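Contents: one structure, followed by commentary.
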Amino acid sequence: MKETNIPRHVAIIVDGNGRWAKKNGKNRSFGHKTGFERLEEIIVYAIEKGVKVISLYVFSTENFKRNKSEVKYLMDLFCNNFKRLEKKYQKENIKAVFSGREEPLEKRVLDAMRDIEEKTKNNTKGIVNFCLNYGGHAEIVDATKKICMDVCSGKIKIEDIDETLFEQNLYHEFPPVDLLIRTSGEQRLSNFLPWQLSYAELYFPETYFPDFTKEEFDKAIDVFCKRNRRFGGDHNENENS
Ligand code: IPE
Ligand code: IPE
Ligand code: MG
């Protein structure tokens, strides 16, 4: 596979942990734990393959609607794993960042997030973007507020607002998503990266996330490589040549 065919930015909606657990006669917590282990493996594998940014939807702003004990389990899982992953990412030269709102995350979760972000900030091989307490609408509202504040303070003028400036005010300024994967057979975006996904190729495997192996990831890349991305241009770029 040519290096140029590897998507620069891959986004994954990590879905199906609960159904995987049910299918295997386990509780939902076990599904989340196994899902996180799988996630760890996929992050390193994707970056090893040449993906530059991997964005992972691990907790949405709407997931706070779930019952308290599931939310607590997930927060514990994030805290404990981020502490441990720090060393691994130092070794692998991976930079970890987060996208999402701080409110209403607990201090201990925010501390674990800030810690891994700080310790890995100079790493250069690839970036893992954990979307935690992330909502796409919230991101657009937050960017709009920042821009309005800059207009009010005189830092920029209304005429300066364009797509580039808008992107600079999102949680992070990354290349657009090339490939979006949502596991578990669901075919919806659930408020994930609405700005960044505008020209992404979408791929919806039936597999529940805890079963989403490196081989499954390779399959997704193969499908992506066969897609004809046109970005509004000609149907076949060689047609008129
Ligand atoms: C994805 O698995 C993990 C999170 C949303 C945190 P789910 O918990 O949504 O699993 P299902 O969809 O109930 O199977
Ligand atoms: C989306 O999955 C959020 C994450 C994967 C973190 P959900 O399982 O919460 O989404 P819906 O409710 O099925 O749309
Ligand atoms: Mg789900």
Side-chain angles (χ1 to χ4, degrees), residues 9-43 46 53-82 85 96-106 108-110 112-113 116 127-142 170-172 174 177 179-197 200 202-213 216-217 220:
H9 189 169
V10 174
I12 305 181
I13 301 178
V14 172
D15 201 13
N17 291 350
R19 280 164 284 164
W20 178 89
K22 193 169 179 196
K23 190 184 91 182
N24 289 286
K26 309 277 189 195
N27 57 29
R28 293 181 61 85
S29 303
F30 189 74
H32 291 314
K33 181 176 171 288
T34 313
F36 205 95
E37 284 162 11
R38 186 64 77 191
L39 201 61
E40 257 190 77
E41 186 183 305
I42 294 296
I43 293 165
V53 184
I54 181 161
S55 290
L56 304 159
Y57 206 8
V58 294
F59 195 91
S60 71
T61 46
E62 290 75 29
N63 287 149
F64 275 109
K65 290 182 203 157
R66 294 190 182 193
N67 81 50
K68 273 202 180 109
S69 64
E70 181 167 350
V71 172
K72 181 179 179 308
Y73 184 86
L74 283 164
M75 295 302 149
D76 289 346
L77 192 70
F78 297 143
C79 271
N80 298 336
N81 279 297
F82 294 147
L85 282 177
V97 299
F98 292 86
S99 292
R101 280 189 176 161
E102 293 194 349
E103 273 284 308
L105 292 173
E106 296 163 63
R108 67 186 180 108
V109 182
L110 291 169
M113 290 160 60
I116 188 171
I127 298 172
V128 53
N129 174 29
F130 291 103
C131 299
L132 199 168
N133 193 26
Y134 176 86
H137 289 177
E139 181 173 28
I140 288 172
V141 168
D142 291 349
L170 294 171
Y171 295 137
H172 294 281
F174 290 139
V177 174
L179 169 65
L180 176 275
I181 302 168
R182 180 175 189 148
T183 53
S184 88
E186 304 295 352
Q187 302 194 6
R188 60 177 168 272
L189 300 178
S190 303
N191 203 13
F192 191 41
L193 301 176
W195 178 282
Q196 299 87 338
L197 287 176
L202 310 180
Y203 177 64
F204 299 109
E206 292 294 323
T207 322
Y208 296 141
F209 194 78
D211 285 334
F212 192 74
T213 55
E216 291 270 342
F217 185 81

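Predicted model, so just to flag it, every value in this text is computed and none were measured. We count ligands from 1, going down the list as the structure has it; atoms in each ligand are counted the same way.
F217 contributes atom CZ, which lies 13.5 Å from atom OG1 of T207 (distance to the nearest 0.5 angstrom). Note: L56 CG to I13 CD1 = 11.0 Å, rounded to the nearest 0.5 Å. Distance check, rounded to the nearest 0.5 Å: OH of Y203 to CD1 of I12 gives 11.5 Å. Atom CD of E206 and atom CD of E216 lie 10.5 Å apart (nearest 0.5 Å). One distance of note links CG of N17 with CG of L74; it measures 8.0 Å at 0.5 Å rounding. Distance check: L180 CG to L193 CG gives 7.5 Å after rounding to the nearest 0.5 Å.
Relative to atom 7 (P) of ligand 1, the option among L74, D15, N63 with the closest non-hydrogen atom is D15.
In terms of protein heavy-atom proximity, atom 6 (C) of ligand 1 is nearest to V58 O, 3.3 Å. Nearest protein heavy-atom neighbour of atom 2 (O) of ligand 2: R182 NH2, 3.5 Å. When only non-hydrogen protein atoms are considered, atom 10 (O) of ligand 1 lies nearest to G18 N, 3.0 Å. For atom 14 (O) of ligand 2, the closest non-hydrogen atom of the protein is S190 OG, 2.7 Å. The nearest heavy-atom contact from the protein to atom 5 (C) of ligand 2 is V14 O, 3.1 Å.
Within the 4.0 Å heavy-atom criterion, the part of F59 lying near ligand 2 is the backbone and not the side chain. With a 4.0 Å cut-off on non-hydrogen atoms, R66 touches ligand 2 through its side chain and not its backbone.
Looking only at its N/O/S atoms, D15 has OD1 as the one nearest to the Mg ion (ligand 3).
Checked by atom type, the side-chain pair N191/Y57 shows no donor-acceptor distance below 3.5 Å.
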What do the steps show when you test D211 against K23 for side-chain contact (heavy atoms from CB on, under 4.5 Å), and what is the final call?
CA-CA 12 Å; D211 285 334; K23 190 184 91 182; 3.7 Å; yes

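Pairing each heavy atom of L105 with each of L110, the nearest pair is O-CD1, 3.8 Å.
In terms of polar-atom proximity, defined here as any N/O pair under 3.5 Å, R19 does make such a contact with ligand 1.
Within a 4.0 Å radius of atom 12 (O) of ligand 2, the protein contributes no heavy atom.
Taking a cut-off of under 4.0 Å to the non-hydrogen atoms of R188, the atoms of ligand 2 that pass are 11 (P), 13 (O), 14 (O). Taking every non-hydrogen atom of I13 and a distance limit under 4.0 Å, the qualifying atoms of ligand 2 come out as 5 (C).
Using a 4.0 Å cutoff on heavy atoms, S184 does not count as a contact of ligand 1. Contact between E186 and ligand 1 is absent, with no heavy atom of the residue lying under 4.0 Å from the ligand.
Here the two rings, on F130 and F78, have centers that are 6.0 Å apart or farther.
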